[in-house]
Amino acid sequence: MSNHLYDGVFAPHADSTKTFLYTADRDISFAEFTALTDRIAAMLVAQGLAPGDRVAVQADKSVLLFALYAATVKAGGVYLPLNTGYTPAELDYFLGDAKPRIVVTSNAAAEAITPIAARIGAVLMTLDGDESGSLSEAAMQHEGPFTAVPRGSEDLAAILYTSGTTGRSKGAKLCHRNLRSNAEVLREYWRFTADDTLLHMLPIYHTHGLFVAGNLLAMVGGSMIFLPKFSADVALEWMPKATSMMGVPTFYTRLLDHEGFTAEASSHMRLFISGSAPLLAETHRQFEELTGKAILERYGMTETNMSTSNPFEGDRRAGTVGFALPGVEIRIADAKTGAPLPDGEIGIIEQRGDNVFLGYWEMPEKTAESFREDGFFITGDMAVRDADGYISIVGRDKDLIISGGLNVYPKEVEGMIDDIEGVLESAVIGVPHRDFGEAVVAVVVRQDQGLEAATVETALAGQLAKFKQPKAVLFTDALPRNSMGKVQKAELRKTHTDLFA
């Protein structure tokens, strides 16, 4: 059997007239979506895309953008989605590192990106959320059908940049096998079929919305209510048409705060799934008390796709991420030695399976450091497994912050704060937040006692994506340190843990 992602996920559906994507403006059938991917794939090849070339994309969510992903894979390319919040300065690094053949950005950002694209010899195309731009114009000049370019199971299908706690962002290399196998496992484990209609309000520059949701529903021949972003009002408007929903914890806390969200409003829904950030046990309990339905929480990361899940049938335990998915080997190990630890002891999650990425783009040393000799990937996430086999994430080996499902590494933010006039030093931490899972907080030591939080916030606004900017700037006389002079971020987190309570 072919392991080509396109063949397994986006191949023309038997019922071509069935609606694949519902939007506020129009409905898209499977046949229309396939025709769209044919046009875009032909256009990409005409623009010089060869097998293995990257297509880097920073554009607002739309049907055409989702089709661009499928078309890139179909044309043998490697899809590289970029967060829409990234600034041109941040994009300069990503594009210079990945060296894509084609760069797609919004019309508004095109002027700033033009010199970057020119420097790396990339074709620059534009695409806005309303689907206007040079990409759509060029695609309409081509006709299908387009035969998928042959690719092997180990060939790259996508590169997603992920943040570490130190150094530059790393490009996680995901092959056709990684993405296709994970969709196949989730199809069986979560019981998705052609009868499902998923309420899709997630971004598609991220694993969750693009691969977990998009690949899965395309593979089973289901439908998606494909909306630009989350709103509790809009979610409740569309929910009667849905059977399932995937979201980050923020979605569920905001639904619980909405007077229109009742047991009756959700009575027909078969499954609510949460991921990308820790779901508070309190949110899990409140949701079940209101609706009679338990949210299914799962765990994954950019490098591994989905790794664990609470059961579809059985006890979905609040505060846990369930069990290893079929085909995924999980061990809780000693951080230094990699030796497996007994149940009840906290260690690092290490995993092996078809879901695990190939390594980091152009970083062989970092890749080697991230794997044990027996092939297990060292995730850096700390966890404990109970006597019943349920895994609970308890923290991270390093200081990576996950805010609203997006990774923020403190060193980048700290470097920019420390450059602000009047700042002596800073420490950036993540503290619990009901909506975002974790909120980015900056603790600053001032040289100039007249320095105000607003000055720090303003200085960062033009340099960092919104999700990386601190939700609070606090001042202190000195940062806590150990005997070796290392800042004790755990102490800071403990001190400020109730900041947003």
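- With salt bridges taken as basic N to acidic carboxylate O contacts below 4.0 Å, none links Arg270 and Asp195.
- Checked for salt-bridge contact, Glu313 and Arg191 meet the test: a charged N lies under 4.0 Å from a carboxylate O.
- Gln286 contributes no side-chain N or O that, together with a main-chain N or O of Leu256, makes up a donor-acceptor pair within less than 3.5 Å.
- At a threshold of 4.0 Å, the pair Arg372-Asp374 does not count as salt-bridged, since none of the basic side-chain nitrogens sits closer than that to a carboxylate oxygen.
- Nearest approach of Pro100 to Val103, heavy atoms of both residues: CG-CG2, 3.7 Å.
- Distance check, rounded to the nearest 0.5 Å: OG of Ser307 to CG of Asn182 gives 7.5 Å.
- With hydrogens and angles ignored, the 3.5 Å screen pairs no side-chain donor or acceptor of Thr304 with any backbone N or O of Gly300.
- For the side-chain hydrogen bond (donor to acceptor under 3.5 Å, both in side chains) with Tyr299, the lone residue among Asp381, Asn310, Thr308 that qualifies is Asp381.
- Of the possible polar contacts, none joining the His4 side chain to the Pro150 backbone as a donor-acceptor pair under 3.5 Å is found.
- Taking the six-membered ring for Trp and the full ring otherwise, Tyr161 and Tyr205 have centroids separated by 6.0 Å or more.
- Shown here for Ala148 and Tyr6, the closest heavy-atom pair between the two residues is CB-CD2, 4.3 Å.
- Aromatic ring orientation, Phe94 versus Tyr86: tilted (interplanar angle from 30° to 60°).
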Working for side-chain contact (heavy atoms from CB on, under 4.5 Å), residues Leu186 and Met219: CA-CA 10 Å; Leu186 296 178; Met219 173 177 277; over 6 Å; no
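- The six-membered or imidazole ring of Phe436 lies away from that of Phe467, with a centre-to-centre distance of 6.0 Å or more.
- In this structure the side chain of Leu64 reaches within 4.5 angstrom of the side chain of Ile40, judged on heavy atoms.
- Residues Pro51 and Arg151 form a side-chain contact, since some pair of their non-hydrogen atoms from C-beta on lies under 4.5 Å apart.
- Using a distance-only test at 3.5 Å, with no hydrogens or angles considered, a donor-acceptor pair links the side chain of Arg54 to the main chain of Gly52.
- In this structure, the side chains of Met239 and Phe261 come closer than 4.5 Å at one or more pairs of heavy atoms.
- In terms of modelled atom types and a separation under 3.5 Å, the side chain of Asn83 and the main chain of Gly85 share a donor-acceptor contact.
- Side chain of His13 to backbone of Thr34: no donor-acceptor contact under 3.5 angstrom is found.
- In this structure, Ser244 and Met269 approach most closely via the heavy-atom pair C-CE, 3.5 Å.
- In this structure, Phe287 and Tyr252 have perpendicular ring planes: the angle between them is above 60°, well past the 30° mark.
- The line from NE2 of His206 to CZ of Phe211 is 10.5 Å long, rounded to the nearest 0.5 Å.
- Using a 4.5 Å heavy-atom cutoff, the side chains of Trp190 and Arg298 are in contact.
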Stepwise side-chain contact (heavy atoms from CB on, under 4.5 Å) test for Glu491 and Lys494: CA-CA 5 Å; Glu491 186 175 329; Lys494 183 177 180 181; 5.6 Å; no
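- When ring centroids are compared, Phe192 and Phe312 stay outside the 6.0 Å threshold.
- Judged purely by atom type and a 3.5 angstrom limit, His284 uses its side chain to pair as donor or acceptor with the backbone of Ile295.
- Within the 4.5 Å cutoff, the side chain of Glu345 has no heavy atoms near those of the Val384 side chain.
- Ion pairing between Arg180 and Asp7 fails under the 4.0 Å rule for side-chain N and carboxylate O.
- Between Lys489 and Pro410 the shortest heavy-atom distance is NZ-CB, 3.4 Å.
- From Leu198, atom CG reaches atom CE of Met245 across 9.0 Å, with rounding to the nearest 0.5 Å.
- Rounding to the nearest 0.5 angstrom, the gap separating the CD atom in Glu369 from the CD1 atom in Ile378 is 9.0 Å.
- A donor-acceptor pair shorter than 3.5 Å can be found between the side chains of Glu90 and Thr87.
- Proximity of a side-chain donor or acceptor of Asn178 to a complementary backbone N or O of Val356 within less than 3.5 Å is detected.
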Residue pair Ile402, Val408: steps toward the side-chain contact (heavy atoms from CB on, under 4.5 Å) verdict: CA-CA 6 Å; Ile402 301 180; Val408 180; over 6 Å; no
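- Arg177 and Glu154 are joined by a salt bridge, as a carboxylate oxygen and a charged side-chain nitrogen come within less than 4.0 angstrom of each other.
- Counting all heavy atoms, side chain and backbone alike, Gly129 lies closest to Asp60 at CA-CB, 3.8 Å.
- Under the 6.0 Å cut-off for aromatic ring centres, Phe226 and Tyr22 do not qualify, their centroids lying 6.0 Å or more apart.
- Counting heavy atoms from C-beta on, the side chains of Trp238 and Met201 never come closer than 4.5 Å.
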Verdict with supporting geometry, Ile102 and Leu135, side-chain contact (heavy atoms from CB on, under 4.5 Å): CA-CA 11 Å; Ile102 296 170; Leu135 185 142; 6.0 Å; no
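- Across every non-hydrogen atom of Val428 and Glu414, the tightest pair is N-OE2, 2.8 Å.
- Figure legend: Arg254 and Phe230 shown without cation-pi pairing, the cationic atom not lying both under 6.0 angstrom from the six-membered ring centre and within 45 degrees of its axis.
- Using a 4.5 Å heavy-atom cutoff, the side chains of Thr367 and Lys173 are not in contact.
- Summarising the geometry, atom CG belonging to Leu21 is positioned 11.0 Å from atom OG1 belonging to Thr197; distances are rounded to the nearest 0.5 Å.
- Taking the ring centroids of Phe323 and Tyr189, they lie at or beyond the 6.0 Å cut-off.
- Ring centroid separation for the pair Phe357 and Phe377 comes in under the 6.0 Å cut-off.
- Rounded to the nearest 0.5 angstrom, Thr19 OG1 and Phe33 CZ are separated by 13.5 Å.
- Residue-environment remark: CZ (Arg101) stays at or below the threshold of 12 foreign heavy atoms within 6.0 Å.
- In this structure, Lys61 contributes its side chain and Leu227 its backbone to a donor-acceptor pair below 3.5 Å.
- Annotation: Phe20 is not in aromatic contact with Phe10 [ring centroid separation under 6.0 Å not met].
- Partners of Gln47 by side chain to side chain donor-acceptor pair (under 3.5 Å), not counting sequence neighbours: none found.
- Both cation-pi conditions hold for Lys170 and Tyr360: the charged atom is under 6.0 angstrom from the six-membered ring centre and inside a 45 degree cone around its axis.
- Between Leu202 and Val248, the closest side-chain pair of non-hydrogen atoms falls below 4.5 Å.
- Counting heavy atoms of neighbouring residues, nucleotides and ligands inside a 6.0 Å radius, atom NZ of Lys18 exceeds 12 of them.
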